[in-house]
Amino acid sequence: MISGLINEIVDASWLARPSPRVAPELIGCTLVRQLPNGEQIRGMIVETEAYETGDPACHAYRHRTPRNEVMFGPAGMSYVYLIYGIYHCLNIVTDLDGVASAVLIRALQLNPVSAAWVSQRQPNQKFSQKQIDRLAAGPGKLCRIMEIDRSLTGLFLHPSQPLWLEHRSVDLQTAIAQETVKLTQTTRIGISQGTDIPWRWYLTHSPAVSKA
DNA sequence: ATGAAGATCGCG
DNA sequence: GCGATCTTCATC
């Protein structure tokens with residue numbers, strides 16, 4: 001079937017579950033960024049972390065604030081914040097409306113066409129395959145590559161928007177189900193509280209993961 | 001008002 | 001290991 005060749009769009013209802021359930025299932029999905037000039041940058045998600053209400057590392061642990069407001073809203077929205085005054089980080093809001101939770105997108109394996117396009121933006125610079133693999137290996141790096149900043153927070157992830165998600169290919173879904181391809185589950189990184197909660201997942205052996 | 005810390009990254 | 005760089009939030 002023709003339709004079988006095209007990955008399905010991730011919709012809000014699929015994301016309306018607890019973030020620790022959604023986070024591992026987002027591994028292998030594709031994040032698509034449509035730039036204002038129409039250019040698309042596509043990357044497969046290879047690393048995620050879940051954050052939830054009741055979790056001391058979650059931005060919404062204490063109160064509802066202007067920054068974390070969108071995390072309390074319905075699933076399927078973006079939550080983008082600035083960290084260390086320099087980098088942006090992208091989250092996907094999950095769970096029911098009123099429940100603060102989200103999945104941090106920590107690393108992408110760029111699609112080859114996108115990787116070529118991104119590396120050609122820096123003229124006079126030659127990239128090894130290893131460098132290409134690591135172009136989006138980190139939450140701050142992937143936002144820089146995809147030109148994601150706080151102006152993109154609170155938007156509904158959908159192909160009519162500058163950002164959306166597509167499900168795993170059938171082949172990858174099969175490989176993960178049969179454990180030909182595996183996921184690693186471990187503790188989250190870069191935080192000082194909730195360090196023992198194992199809510200980080202990544203594609204085992206992927207060269208594009210931020211930290212193996 | 002003021003200050004401390006932060007879901008990072010690249011350099012040495 | 002450290003610094004860059006600036007927003008956010010808690011406290012004064």
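Here is the naming used below: chain letters follow the sequence lines, and residue numbers restart at 1 for every chain.
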Original post:
Among C:dC9, B:dC9, C:dT5, which nucleotide sits nearest the side chain of A:K141?
Top reply: B:dC9
**OP:** Provide, to the nearest angstrom, the distance between the CZ atom belonging to A:R134 and the C1' atom belonging to B:dC9.
**Re:** 12 Å
Original post:
Which part of the nucleic acid, if any, lies within reach of A:T65 when heavy atoms closer than 4.0 Å are counted: base, sugar-phosphate only, or nothing?
Top reply: sugar-phosphate
Original post:
Can you tell me how far P of B:dG10 sits from CG of A:L142, to the nearest Å?
Top reply: 12 Å
**OP:** Using only heavy-atom distances, determine whether the side chains of A:S210 and A:R106 contain a donor-acceptor pair under 3.5 Å.
**Re:** yes
Original post:
Can you tell me how far C1' of C:dT8 sits from OH of A:Y84, to the nearest Å?
Top reply: 13 Å
Original post:
Nearest to the side chain of A:M71 - B:dT8, B:dA7, C:dC9?
Top reply: B:dA7
Original post:
Under a 4.5 Å cut-off applied to non-hydrogen side-chain atoms, are A:Y51 and A:I191 in contact?
Top reply: yes
Original post:
Transitively linked via ILVMFWY side-chain contacts under 4.5 Å: A:I45 with A:L104?
Top reply: no
**OP:** For nucleotides C:dC2 and B:dA5, find the distance between their C1' atoms and express it as a whole number of Å.
**Re:** 16 Å
Original post:
Is A:D11 reaching over with its side chain to a backbone N or O of A:W14, donor-acceptor style, under 3.5 angstrom?
Top reply: yes
Subject >> Between P of C:dC6 and CG of A:L82, the distance in whole Å >> reply: 9 Å
Original post:
What is the base-pairing partner of C:dC2, counting Watson-Crick and G-U wobble geometry with both distances under 3.5 Å?
Top reply: B:dG10
Original post:
Between C:dT8, B:dA7, C:dC9, which nucleotide gets closest to the side-chain atoms of A:P66?
Top reply: C:dC9
Original post:
Between B:dA7, C:dC9, C:dA10, which nucleotide gets closest to the side-chain atoms of A:R62?
Top reply: C:dA10
**OP:** Could you check whether A:G85 gets within reach of a base, just the sugar-phosphate, or nothing at all, counting any heavy atom under 4.0 Å?
**Re:** base
**OP:** Quickly work out the A:H63 NE2 to C:dT8 C1' distance and round it to whole Å.
**Re:** 12 Å
**OP:** To the nearest Å, give me how far apart CZ (A:R67) and P (B:dG6) are.
**Re:** 11 Å
**OP:** Establish, with yes or no, whether the OP1 or OP2 oxygen of B:dA5 is under 4.0 angstrom from a side-chain nitrogen or oxygen of A:S192.
**Re:** no
Original post:
Considering only side-chain heavy atoms of A:I86, which listed nucleotide, C:dT7, C:dA4, B:dT8, is closest?
Top reply: C:dA4
**OP:** Round to the nearest Å and state the distance from A:D149 atom CG to C:dC6 atom P.
**Re:** 14 Å
Subject >> A:Y61 OH - C:dA10 C1' separation (whole Å) >> reply: 16 Å
Original post:
Do A:Y81 and A:H88 make the cut of ring centroids closer than 6.0 angstrom?
Top reply: no
Subject >> Out of C:dA10, C:dT5, B:dC9, whichever nucleotide has its closest atom nearest the side chain of A:R106 >> reply: B:dC9
